[in-house]
Structures are given as structure tokens and as C-alpha cells.
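The basis for the numbers below is simple: all heavy atoms, side chains too, and nothing from hydrogens, waters or symmetry mates. Atoms within a ligand are numbered from 1 in the order they appear, just like the ligands themselves.
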Amino acid sequence: MTNIGFIGAGKMASAIIKGLNKDKFSVHISGRNIEETQKTAQALGVNAAPSHADLIQASDIIVLAVKPYVVADILTEHKTEKPIVSIAAGITLADLSAMTTDTQPIVRIMPNINATIQKSTTGIVRNAYVSDDVFNTVKAIFESVGSVHELAEKDFGTFTALAGSSPAYIYMFIDAMSRAGVLHGMPKDVSTKIVAETVLASAEMILKSDENPWTLVDNVSSPGGTTVAGVVSLEKNNFVATVIDAITATIEKNNTMNK
Ligand SMILES: NC(=O)C1=CN([C@@H]2O[C@H](COP(=O)(O)OP(=O)(O)OC[C@H]3O[C@@H](n4cnc5c(N)ncnc54)[C@H](O)[C@@H]3O)[C@@H](O)[C@H]2O)C=CC1
Ligand SMILES: O=C(O)[C@@H]1CCC=N1
């Protein structure tokens, strides 16, 4: 049984812990406040550690699941030779090394909120001090809440935009579509369900067919029909450039998070 300790038990840690196979992993959490941590531990069916030091002592692998600005404080105060996993946006392996030691085993992860339903799309990269065994265990943790993509660290910012943050943009798109349904007389809950089902199936089409997305757009667009009128309207309003700008803004923010 591998002992996994989560420092910080908020939205992401809770989502990941819910999906973890408790027959394979014994989970410990520590937070800012012991009463809160005990309540969360009880709700998740895991162990509450009285302090970060106790958690580090009890764990084989330590996952930092706190906001990025808290990471440095924790790593400065608590030294360990055990492998550290960070899910914090914008904090690089080099940043984490600078906060620990030159030889600290460190894995950098970017999951997404879909871990809540075991459908995270997760990025992973390790430094030179992480053994294959530890790397495979960390991969297994995140494979239990979705798919895992091994990446070069230079691509982490892009991955953060395309997978880590993008659920928010996709929710915005779904909400905008369903609001249009409301404008045209449909109840919000009905139109949201219709749009969400259509987004889900359209994404499945892209994954299952060999076609590129623009060919699929053409397949829906009948000559002189309804779809092409909407496609032209989206383009008049800079849909593609607007989306690309949002992804670029996300990457730029990622690159300056720890500066
Ligand atoms: N929310 C998301 O969709 C994603 C978040 N992330 C990353 O995950 C990390 C956590 O984010 P969330 O779970 O969304 O935030 P959250 O705010 O839900 O959770 C953070 C937790 O850390 C606790 N905390 C604060 N200071 C602490 C300390 N000194 N010691 C121990 N615990 C402390 C807070 O009480 C809270 O429970 C962030 O670094 C973020 O960049 C990564 C991918 C997706
Ligand atoms: O907004 C953030 O910084 C985090 C990282 C990816 C999703 N949420």
C-alpha cells in the first residue's frame, strides 16, 4: 500500500482523492486548520494529519495541492527527501528545485476539474531525480481520475490553457449558447441540457472520426442552409481569433505566475 499525502485539501485534492482506489493508496491530508481538515478527511474517508510535518512523516509521496502562492511557504518550512508532486499552475520544476534541493525528486502535474467525474485530462513531467517506480505510481494516481499525457516541460503552459483552464471557457461557451436558447423562449435548464449533450457528442465525434474539425463543420453546413449563416456570423465577430487570444492570455499568465 502506497501512502499518499495531500497538503491542501480543496477542490482539486478532493476531486483526485474521490477517484483514488483506496485499496491501492492510503491517503492522508493536512490543511490550514485541523478541525476543517478532520471534517474533510471524514467526508472523503481518509486520514487527517495533525500537521504538515506529521503528513510528510506518514507519506511515501507528497502532493502539494495548495494555491501557487502558498507552495514556497510550505517548501521553505518543511524539508524532506521524499518525492514531491506539485499541481500548482505556473510553478516550474526549476522553481520547485530552488525551493527545495538540487536533487529533490519532483513531479509536475496539471490536472483539470473534470477529475471530479474521473475524466481529468492531466499533463505530467518529472525531473531527473524521480525513479521510474515513483513516476509510475504518480501516473497511476492521476490515471485513476482520467487520462495522463507525458509532456515536455516547455509545453506545460500551453497544456494548462488547453486542458487545465479550458473547462471554464467551455462552460462559458455552453452558457452563452443556452442563454441564446432563453432569449428565444426556451427554459434555461432545458436549453443547457440540450447544449451540453450536443457539446459532449460533438467532442466524441472529433475523437472517434479521422476528420479534422473543419471538415466536420463543412459536413453540418448545407449549401444555403442554417448552419453556414451562423458560421459566417461567428467569423464576422472574430470567433477563432477571440478564442486564440484567450488561450494566449492564459499561457502568458502561466509564464508570469511565479515572477
Ligand atoms: N481548480 C482547478 O480547476 C485547478 C487547480 N489547479 C491547481 O490546484 C491547486 C489547488 O487549487 P484548488 O483546489 O482549485 O484550490 P482550493 O482553494 O479549492 O484549495 C486549496 C486548499 O489549500 C488550503 N490551504 C491554504 N493554505 C494552506 C496551507 N498553508 N497549508 C495547507 N493547506 C492550505 C485551503 O484551505 C484550500 O482547502 C492550485 O495550485 C491550482 O493552480 C490545477 C488544475 C486545475
Ligand atoms: O486558474 C488557475 O490558475 C488554475 C490552473 C488551471 C485551472 N485553474
Side-chain angles (χ1 to χ4, degrees), residues 4-20 27-44 46-56 58-59 62-78 80 84-93 95-96 99 106-125 138 141-142 145-149 151 155-172 246-259:
I4 312 290
F6 287 80
I7 298 187
K11 288 184 289 295
M12 280 314 296
S14 299
I16 296 160
I17 291 167
K18 275 183 203 152
L20 273 179
V27 177
H28 309 262
I29 61 172
S30 62
R32 258 186 309 195
N33 162 309
I34 185 64
E35 283 85 33
E36 246 346 277
T37 305
Q38 277 166 344
K39 266 194 231 156
T40 310
Q42 198 168 13
L44 294 169
V46 299
N47 311 304
S51 69
H52 296 338
D54 288 300
L55 176 125
I56 291 167
S59 306
I62 294 112
V63 182
L64 294 169
V66 290
K67 293 289 185 198
Y69 61 84
V70 180
V71 168
D73 288 349
I74 289 173
L75 290 180
T76 309
E77 202 176 323
H78 299 279
T80 175
I84 286 178
V85 176
S86 165
I87 68 165
I91 313 279
T92 65
L93 290 172
D95 295 332
L96 292 159
M99 296 170 198
I106 303 169
V107 183
R108 182 177 175 194
I109 294 281
M110 180 46 56
N112 75 21
I113 198 70
N114 294 331
T116 312
I117 54 164
Q118 281 88 57
K119 291 202 171 168
S120 175
T121 301
T122 299
I124 187 168
V125 66
V138 177
I141 293 173
F142 288 91
V145 290
S147 66
V148 176
H149 300 255
L151 302 171
D155 294 327
F156 246 70
T158 308
F159 187 89
T160 299
L162 296 182
S165 297
S166 71
Y169 314 148
I170 294 162
Y171 301 144
M172 285 174 74
I247 295 302
T248 303
T250 313
I251 296 169
E252 283 169 358
K253 180 67 190 177
N254 173 84
N255 294 342
T256 54
M257 286 285 277
N258 197 40
K259 301 289 171 277

*Top protein contact for atom 20 (C) of ligand 1, by heavy-atom distance*: Ala65 O, 3.7 Å

*Going through the checks in order, is the side chain to side chain contact (heavy atoms under 4.5 Å, CB included) test met by Phe6 and Ile16?*
CA-CA 10 Å; Phe6 287 80; Ile16 296 160; 3.9 Å; yes

*Backbone or side chain, does any N or O of Lys11 fall under 3.5 Å from an N or O of ligand 1?*
yes

*Measure the distance from atom 3 (O) of ligand 2 to every protein heavy atom, then report the residue, atom name and distance (to 0.1 Å) of the closest one.*
Ala89 CB, 3.9 Å

_Rounded to the nearest 0.5 Å, what separates atom CD1 in Ile4 from atom CD1 in Ile62?_
9.5 Å

*What distance separates Met99 CE from Glu77 CD, expressed to the nearest 0.5 Å?*
14.5 Å

_Enclosure of Tyr171 OH (heavy-atom neighbours >12, cutoff 6.0 Å)_ = yes

_For the backbone of Ala48 and the side chain of Thr37, can you confirm whether one donor and one acceptor N or O come within less than 3.5 Å of each other?_
no

*asked:* Checking a contact table here: which protein heavy atom is nearest atom 1 (O) of ligand 2, and how many Å away?
replied: Ser165 OG, 4.6 Å

*Judged by modelled atom types alone, do Asp54 and Ser51 share a side-chain donor-acceptor pair under 3.5 Å?*
yes

*With atom 36 (C) of ligand 1 as the reference point, say which of Gly10, Gly123, Ser30 has the nearest heavy atom.*
Gly10

*Among Ile7, Val66, Ile109, Val70, which residue places a heavy atom closest to atom 9 (C) of ligand 1?*
Val66

*Check whether any side-chain N or O of Ser165 sits under 3.5 Å from a backbone N or O of Ala161 as a donor-acceptor pair, and report yes or no.*
no

_Interfacing atoms of ligand 2 (cut-off 4.0 Å, heavy-atom, Gly164)_ = 6 (C), 7 (C)

*Should one rank Ser51, Pro111, Ser165, Ala13 by closest heavy-atom distance to atom 43 (C) of ligand 1, which comes out on top?*
Pro111

*Note, Ile7 side chain near Val70 side chain (heavy atom, < 4.5 Å)*: no

*How close does the nearest protein non-hydrogen atom get to atom 15 (O) of ligand 1, and which residue and atom is it?*
Lys67 NZ, 3.1 Å

*Do His28 and Val46 touch side chain to side chain, with heavy atoms closer than 4.5 Å?*
no

*What residue and atom, counting heavy atoms only, is the protein's closest point to atom 23 (C) of ligand 1, and at what distance?*
Gly8 CA, 4.1 Å

*Answer yes or no: does an N/O atom from Ala89 fall short of 3.5 Å to an N/O atom of ligand 1?*
yes

_Can you check which of Arg32, Met12, His52, Glu77 brings a heavy atom nearest to atom 13 (O) of ligand 1?_
Met12

*What is the nearest protein non-hydrogen atom to atom 42 (C) of ligand 1, stated with its residue, atom name and distance?*
Ile87 O, 3.5 Å

